[in-house]
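Along the sequence shown, the residues carry numbers beginning at 1. We count ligands from 1, going down the list as the structure has it; atoms in each ligand are counted the same way. Both backbone and side-chain heavy atoms feed into the values below; hydrogens, waters and symmetry mates do not.
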Amino acid sequence: MKRDLVSGGTTAEAAELYGIRSWGAGYFDIGEDGTVHVMVPFGDRRVGASLMAIIAGMRQRGLQMPVLLRIENLLDSQISLLNDSFNRAIRALQYGGAYRGVFPIKVNQQCHVIGEIARFGARYGHGLEAGSKAELLIALAHLDPDTGYIICNGYKDTEFVSLGLQALKLGYKCFFVIETPTELPIILEESRRLGIRPMLGVRVKLSSRVGGYWNESSGDRSIFGLTTEQIVGLVDALREHEMLDCVQLLHYHLGSQIPNIRDIRSAVLEACRYYVDLRKEGAALGFLDLGGGLAVDYDGSQTNYEYSKNYSLDEYCSDIVETIMTTLDPEGIEHPVVITESGRAVVAYSSVLLFDILDVTRFDPGEVPEPQAGEHELIGNLRDTLKNVNPKNLQECHNDAAYYRGEMRELFKHGRVRLRQLSLAENIFLQIVRAIARELPGAKRVPLGLDALEESLSDIYYGNFSVFQSLPDVWAIEQVFPIMPVHRLNEAPTRQAIIADITCDSDGKIDQFIGVRGIRKTLPLHPLANGDPYYLGVFLVGAYQETLGDLHNLMGDTNVVSVRIHEDGSFDFVREIDGDSIADVLSYVEYQPQQLLEQFRVTAEQAVRKGRISASERQTIFEAFSASMRGYTYFEE
Ligand SMILES: *Cc1c(COP(=O)(O)O)cnc(C)c1O
C-alpha cells in the first residue's frame with residue numbers, strides 16, 4: 001500500500017495532499033488564510049477570491065447549501081485559451097486555414113452557460129453544436145448569424161432539416177452532418193421543397209480506437225458515422241443530384257475524454273485521408289471537424305489514465321495542425337478550417353459543487369473492560385491476539401481475529417452467546433484492526449488483504465447533497481472529481497473518511513479520491529469542530545453533471561450562484577437561481593401540491609373531530625406541512 005503524505009497543517013502541505021496545484025490548472029489554490037481561492041487570470045496576473053468569502057455572501061443572501069457555484073471568469077478564460085492556443089499553433093506553423101470552435105450544447109445546456117459562451121465566444125467566432133431539435137432552437141436563439149457556426153449532429157427529421165435550411169437564409173452557417181444514409185432523402189426532399197441548397201457534412205466512422213472510458217464510441221462498432229461503403233454510396237447519390245458541391249465538411253467524433261495524445265494524432269491522420277479522397281471525388285470540402293475528446297486532467301497526474309490526459313492544450317493544437325499539414329501538403333490540397341467541438345474542456349473548470357457536512361460516523365472501538373471470570377474462551381483468544389500484535393505478525397493476527405470474531409457471530413446466530421458478549425468481541429476485534437493499522441506504516445511489505453484496512457476503519461462523513469442529482473458520473477461511471485475541504489487548510493486533517501450523501505441509497509457515496517500517487521480510498525478530513533459548519537467542494541463539475549442528474553429520493557436541483565470576480569478581488573453575484581422546492585419535485589412526478597395539501601387538510605380535520613388534536617394544533621401541523629412544500633429538498637439550517 002502506498003501512503004500519501006500526512007499534512008502537518010501548513011497550507012503548502014495541504015496543497016500537496018489534495019493535489020490542488022496539479023488538477024487546479026492554476027484556477028484554484030490555497031490562500032494564506034487556509035481557504036481555497038479561485039485564481040482568475042487578468043492579463044499576466046492572477047487575482048484570488050476566497051471560496052469562503054463567496055460562501056459568506058451566499059449565507060448573507062439566505063442561500064442554503066448545497067450550492068452549485070459557477071465562476072463566469074473561468075468559462076471565459078477556457079474559451080480564450082482554446083482559441084488562443086489554436087491561433088498560436090496556426091501562426092507558428094503557417095497553417096493556411098483558421099480555427100473555429102463550436103460548443104456542444106449537450107455538455108451543459110443551462111441557459112446562462114450557453115448565453116455566456118455565445119456572448120464571450122463571439123469575439124472568436126465560437127459557435128454551437130446541436131444534437132437535437134431542442135438544441136438547434138437554443139443555437140438559433142443565441143448566436144448571431146454572422147459570428148459562430150452551427151453544426152447539427154444527431155438524427156434529423158423533416159422538421160429539424162426544414163428549420164436548419166431556413167436558418168441558412170438568415171445568414172447562419174448551419175451544417176447538417178449526415179450520420180446515417182437515411183437522412184439524405186429527407187435533406188434532398190426538404191432542400192428541393194424550400195429551394196435552399198444545404199451545407200452538408202459527412203460523419204465518418206474511423207477505425208482508430210481510443211483509450212479511456214469512452215473507447216466503445218470509436219472503432220468499427222461505433223454506433224455513429226458512415227462506413228466506407230455508405231460514404232461511397234452517399235457520394236454517388238449526391239453526384240447524381242448535382243449536389244456533391246454541398247458537401248463542405250468532414251466530421252468525426254471518437255468519444256469524450258481521450259487521455260492519450262497518440263490516439264488524437266492517429267485519428268486526425270486517418271480523417272485527413274478521407275478528406276483527401278473525398279476532395280478527389282469532387283466534394284467541396286473546406287472544413288475539418290474533429291469533434292470532441294479534448295480531455296480534462298481531473299486527477300492532475302498528466303498521464304493517460306482515464307480521468308487524466310498526457311498532453312497540454314498547446315500540444316493538442318499543434319499536433320492537430322501539424323498532422324493536417326503534413327497529410328494534405330503532399331496532395332496539394334489547401335488547408336481546411338479546423339473545427340473542434342470541445343465541450344468538457346471548455347466548461348468543466350467553471351463549476352464547483354459546495355456542500356456542508358451534516359454528521360460523522362466514526363468506527364472507533366470503545367475501551368475494552370478488564371476480563372471477567374467465566375468469560376467466553378473466544379473472547380479470551382481475542383484479548384490474547386490484541387496483546388500480541390507486532391510488525392512481524394500482522395497478517396497472522398488479522399487472520400486469527402477474523403476467525404474468532406466469525407465464530408462468535410455464528411454462536412450468536414444459534415443463540416449460544418448473548419448480545420453483550422458479541423458486542424465485546426466486536427469491540428476487541430476493532431481494537432486489533434486499529435493496532436494492525438498503526439503498525440502498517442512500519443511494515444516492510446503490506447500483507448495481502450490488509451491494504452484495504454485503512455478504508456474499513458475510515459469515518460463516514462455525511463454530506464448535504466445527492467450524488468445522483470449533482471455528480472451522476474460518480475455513480476454511473478465511477479468518475480473521480482477533485483474533492484477537498486474549502487477551509488481549515490492550515491490545520492492538519494486528522495481523520496480519514498469516505499463521503500455519503502443524504503439519499504438513502506447505498507450507492508450514494510464517494511469512495512474514490514485523488515491521491516498524491518494515484519487513486520486513494522479515503523479522503524483526509526478535519527474533525528467537525530464545536531458545531532461550526534464544515535464545507536467541502538467538488539471541483540471541475542461543469543461538464544455533463546447538471547442535466548444528467550436525476551431526482552433520486554426526490555432530491556431536486558440545487559441552488560445555483562454565478563459569480564464574476566473583478567480585478568481587485570471583489571466579486572458580484574451576477575445570478576442566483578433557487579433550486580427546486582419540494583412542491584417542484586413533487587409536480588415532476590405528477591403530484592399536485594395543492595391537492596396534497598387538501599388531502600392532508602382533510603386528514604388533520606378528521607383528527608380534530610376524533611379529539612386527537614385541537615383545532616389550533618391542527619393549524620400548526622398544517623402550517624408545517626405547507627412550509628415543507630415550499631422548502632428546499634436538501635437539509636435546511
Ligand atoms: C458529446 C459530443 C461532443 C463533446 O465532447 P467533449 O469530449 O465533451 O468535448 C462533441 N461532439 C459530439 C458529436 C458529441 O456527441
Problem - For Arg100, side-chain hydrogen bond (donor to acceptor under 3.5 Å, both in side chains) partners two or more places apart - result: Tyr149

Problem - Interfacing atoms of ligand 1 (cut-off 4.0 Å, heavy-atom, Asn153) - result: 13 (C)

Exercise for the section: Measure the acute angle between the ring planes of Trp23 and Phe539, then classify it against the limits of 30° and 60° as parallel, tilted or perpendicular. Expected result: tilted

Exercise for the section: Decide whether the shortest distance between a heavy atom of Phe224 and an atom of ligand 1 is less than 4.0 Å. Expected result: no

Practice task
Would you mind running through ligand 1 and noting each atom that sits below 4.0 Å from a heavy atom of Arg344?
Solution key: 6 (P), 8 (O), 9 (O)

Handout entry: Distance from atom 8 (O) of ligand 1 to nearest protein heavy atom, with residue and atom
Key = Tyr544 OH, 2.6 Å

Handout entry: Ser162 versus Gln166, side-chain donor and acceptor atoms under 3.5 Å
Key = yes

Practice task
Look at the rings of Phe573 and Phe571 and say which category their plane angle falls in: under 30° parallel, 30 to 60° tilted, over 60° perpendicular.
Solution key: tilted

Exercise for the section: Any atoms of ligand 1 less than 4.0 Å from a non-hydrogen atom of Ser342? List them with their elements. Expected result: 9 (O)

Exercise for the section: Hey, can you tell me if Phe86 and Tyr99 have their rings parallel, tilted or perpendicular (30° and 60° cut-offs)? Expected result: parallel

Handout entry: Pair Tyr124, Ser80: side-chain N/O donor-acceptor within cut-off below 3.5 Å
Key = yes

Problem - Mutual orientation of the aromatic rings belonging to Phe468 and His552 [parallel < 30°, tilted 30-60°, perpendicular > 60°] - result: perpendicular

Practice task
State whether the shortest distance between N or O atoms of Arg203 and N or O atoms of ligand 1 falls below 3.5 angstrom.
Solution key: no

Exercise for the section: Return the set of residues passing side-chain hydrogen bond (donor to acceptor under 3.5 Å, both in side chains) with Arg123 (not counting sequence neighbours), or none when no residue passes. Expected result: none

Exercise for the section: Say whether Gly293 and ligand 1 are in contact under the criterion: heavy-atom distance to a ligand atom below 4.0 Å. Expected result: yes

Handout entry: ligand 1 to Ser256 polar contact by distance, N or O atoms, under 3.5 Å
Key = yes

Handout entry: Shortest protein heavy-atom distance from atom 9 (O) of ligand 1, along with the residue and atom involved
Key = Gly343 N, 2.7 Å

Completion exercise
Counting from 1 in the order shown, the ligand 1 atoms closer than 4.0 Å to a non-hydrogen atom of Gln257 are 7 (O)

Problem - Protein residue, atom and distance nearest to atom 15 (O) of ligand 1, heavy-atom basis - result: Lys106 NZ, 2.6 Å

Problem - Identity and distance of the protein heavy atom lying nearest atom 13 (C) of ligand 1 - result: Glu341 OE1, 3.4 Å

